[in-house]
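Have a look at the structure below, then the notes.
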Number of protein chains: 2
Amino acid sequence: MPADLGPEKARKPRADAERNRQKLLNAARAAFTAQGGLVSMEEVARTAGVGIGTLYRHFPTRDGLLVEVYRGEIARLCQEAELLAATKTPLEALRAWLLLFVDHLADNIVLGDAVKATAGESKADATAQLLTALDILMDNPIAVGAMPDPGVESLDLLRALYGVATASPSSNWVGAARRMVDILIAGMDSRETSPNSA
Amino acid sequence: MPADLGPEKARKPRADAERNRQKLLNAARAAFTAQGGLVSMEEVARTAGVGIGTLYRHFPTRDGLLVEVYRGEIARLCQEAELLAATKTPLEALRAWLLLFVDHLADNIVLGDAVKATAGESKADATAQLLTALDILMDNPIAVGAMPDPGVESLDLLRALYGVATASPSSNWVGAARRMVDILIAGMDSRETSPNSA
DNA sequence: TTGATAAACGGAGGGTCCCTCCATATTTAA
DNA sequence: TTAAATATGGAGGGACCCTCCGTTTATCAA
């Protein structure tokens, strides 16, 4: 009697279901990162090689599918944060990760745009995960005295970079975003008290 | 054959056409600022009290209408920039205008989101206008030596603020955006050379 | 191996929205 | 007042969203 919540006579989940779910996720990731929120569900289903009905059973809402793809990307970023926190000095880790975040945006602009338009709770979960990872990176330099408390929420740093990244895909925004990382770090590092923080 | 460009026998534009155009713009502004890009064209036409065909003659594409509303808002911001440049010291004018920009975002989040998803050339025009106004505000403090050249494009400042503003409508982002203005100003004001600007 | 049955599949179809087209109505100019 | 130019509005073709349900397939018990 292995389980207390025991689905006493639970069947094993069907293999084809899980297979199709993966095919759908892969097709969706490709489509969303390439075209953003514009892709039709029909096209995702066709690319995945399943019927539209199958798509909707696995992901009842369009946003659900979008967020699921998004969560995968976030998980990757969180792992990278842990790695950096373990291998670099606090301030360097923060800066390195912000630069990584810029690179990540470069691969996922349209996906991010599409996700931003959704309002699901799973999205909030994923974002919270990201925030937790970043908080560690920000708290460390403050704790060891490498940086004063800047008075902004950590997530706002990401939002600032996100804004730089998304506003104009045509120009060389990656360079601008990298310089912005340094401006932010320098601005946070500055000990001058500014009027708004009063 | 009097004129090459000559509208020798041009009729006076019809009064009802201009009237309907205004009604459409007003209805569109109200709808877009309230609901963003989700509004249906049918609803805009209905609110304006005209037929759907009339809407499409005046604004052949959905984006055209969106951008037209956007241009009105931009024009207002540009006027404010001129006023500030004329009445404040350079660095103060820059800071004050950035704070104004944050307020502007507070009133137009969804509109901005919708506009960002478009790619028209009129949108580029309007954005260029805004950029010109901001460039003056940024060049002034540099010219008088109140601030070193920060090495970022002026528009990137707006993008950074935009990112902070749009990412999470529920929390108190206005405060965060205002603090971000000071971080940016402090960061640009810092004379330390950072690795990425090399 | 072979049924029985729970679970998954796929696509037809109802509803909404986008935009075009053109017969009708209104405005301007003679 | 009348003719020509211009504007109006809504029916309708096409795309897409999502639901529903008859058919197919995988699992499990005998």
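In what follows, chains carry the letters A, B, and so on, assigned in the order in which the sequence lines appear, proteins first and then strands, with residues in each chain numbered from 1. Keep in mind that this is a model prediction, so the values were computed, not measured.
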Original post:
A/D139: what forms a side-chain hydrogen bond (donor to acceptor under 3.5 Å, both in side chains) with it, not counting sequence neighbours?
Top reply: none
Subject >> Summary of ring pair (Phe, Tyr, Trp, His ring centres under 6.0 Å) pairs that have at least one residue in residues 50-99 of chain B, sequence neighbours excluded >> reply: B/W97-B/F101
Original post:
The side chain of B/A17 lies closest to which of these nucleotides: D/dA7, C/dA8, D/dC18?
Top reply: D/dA7
**OP:** Could you check how far CZ of B/R57 sits from C1' of C/dC19, rounded to whole Å?
**Re:** 13 Å
**OP:** State which residues pass side chain to side chain contact (heavy atoms under 4.5 Å, CB included) with A/Q79; sequence neighbours excluded, sorted by chain then number.
**Re:** none
Original post:
A/R62 has an atom CZ; how far is it from atom P of D/dC16, in whole Å?
Top reply: 11 Å
Subject >> Atom pair distance, as rounded to whole Å: CZ in A/F59 and P in C/dA8 >> reply: 13 Å
Using a 3.5 Å cut-off and no angle test, enumerate the donor-acceptor pairs between side-chain atoms of residues 37-55 of chain B and protein atoms at least two apart in sequence or in another chain.
unit_1 : atom_1 : unit_2 : atom_2 : d
B/S40  : OG     : B/E43  : N      : 3.1
B/E43  : OE2    : B/Q35  : NE2    : 3.4
B/T47  : OG1    : B/E43  : O      : 2.8

Original post:
Closer to the 5' end of DNA chain D via nearest nucleotide, is it A/R14 or B/G53?
Top reply: B/G53
Original post:
Which heavy atom of A/L84 sits nearest a heavy atom of A/L100, and at what distance?
Top reply: CD1-CD1, 3.9 Å
**OP:** Measure the distance from CG on A/L65 to C1' on D/dC17 and round it to the nearest whole Å.
**Re:** 14 Å
**OP:** Under the side chain to side chain contact (heavy atoms under 4.5 Å, CB included) rule, collect the residues that match up with A/E82, sequence neighbours excluded.
**Re:** none
Original post:
By side chain to side chain contact (heavy atoms under 4.5 Å, CB included), which residues pair with A/D16, not counting sequence neighbours?
Top reply: A/R14, A/R19
**OP:** Measure the spacing between CD1 of B/I74 and CG of B/L130 and express it to the nearest 0.5 Å.
**Re:** 4.5 Å
Original post:
According to a 4.5 Å side-chain heavy-atom criterion applied to Ile, Leu, Val, Met, Phe, Trp and Tyr, with indirect links allowed, do B/L24 and B/L66 form part of one hydrophobic cluster?
Top reply: yes
Original post:
DNA chain C: B/L38 or B/P13, which has the more 5' nearest nucleotide?
Top reply: B/L38
**OP:** Taking only the side-chain nitrogens and oxygens of A/H58, find out if one of them lies under 4.0 Å from OP1 or OP2 of C/dA8.
**Re:** no
Original post:
Residues from residues 40-47 of chain A sitting under 4.0 Å of DNA chain C, heavy atoms only?
Top reply: none
Original post:
How many Å lie between CD1 on A/I52 and C1' on D/dA15, as a whole number?
Top reply: 13 Å
**OP:** Taking salt bridge (charged side-chain N to carboxylate O under 4.0 Å, His left out) as the test, write out the residues that go with A/E92, two or more places apart.
**Re:** none
Original post:
Under 4.0 Å: is that the gap between some side-chain N or O of B/T54 and OP1 or OP2 of D/dA7?
Top reply: no
Original post:
With B/E18, which residues qualify under side-chain hydrogen bond (donor to acceptor under 3.5 Å, both in side chains), at least two apart?
Top reply: B/Q22
**OP:** Measure the distance from CG on B/D16 to P on D/dA5 and round it to the nearest whole Å.
**Re:** 17 Å
Subject >> Stretch residues 19-31 of chain A: residues that reach within less than 4.0 Å of DNA chain C through a heavy atom >> reply: A/N20
Original post:
Does some side-chain heavy atom of A/L184 sit less than 4.5 Å from a side-chain heavy atom of B/L184?
Top reply: yes
Subject >> Rounded interatomic separation in angstrom, taking OH from A/Y56 and C1' from C/dG13 >> reply: 14 Å
**OP:** Please give the angle, rounded to 10 degrees, between the axes at the start and the end of the helix from C/dT1-D/dA30 to C/dA30-D/dT1, where five pairs define each axis.
**Re:** 10°
Original post:
Between D/dA26 atom P and A/E18 atom CD, what is the distance in whole Å?
Top reply: 15 Å
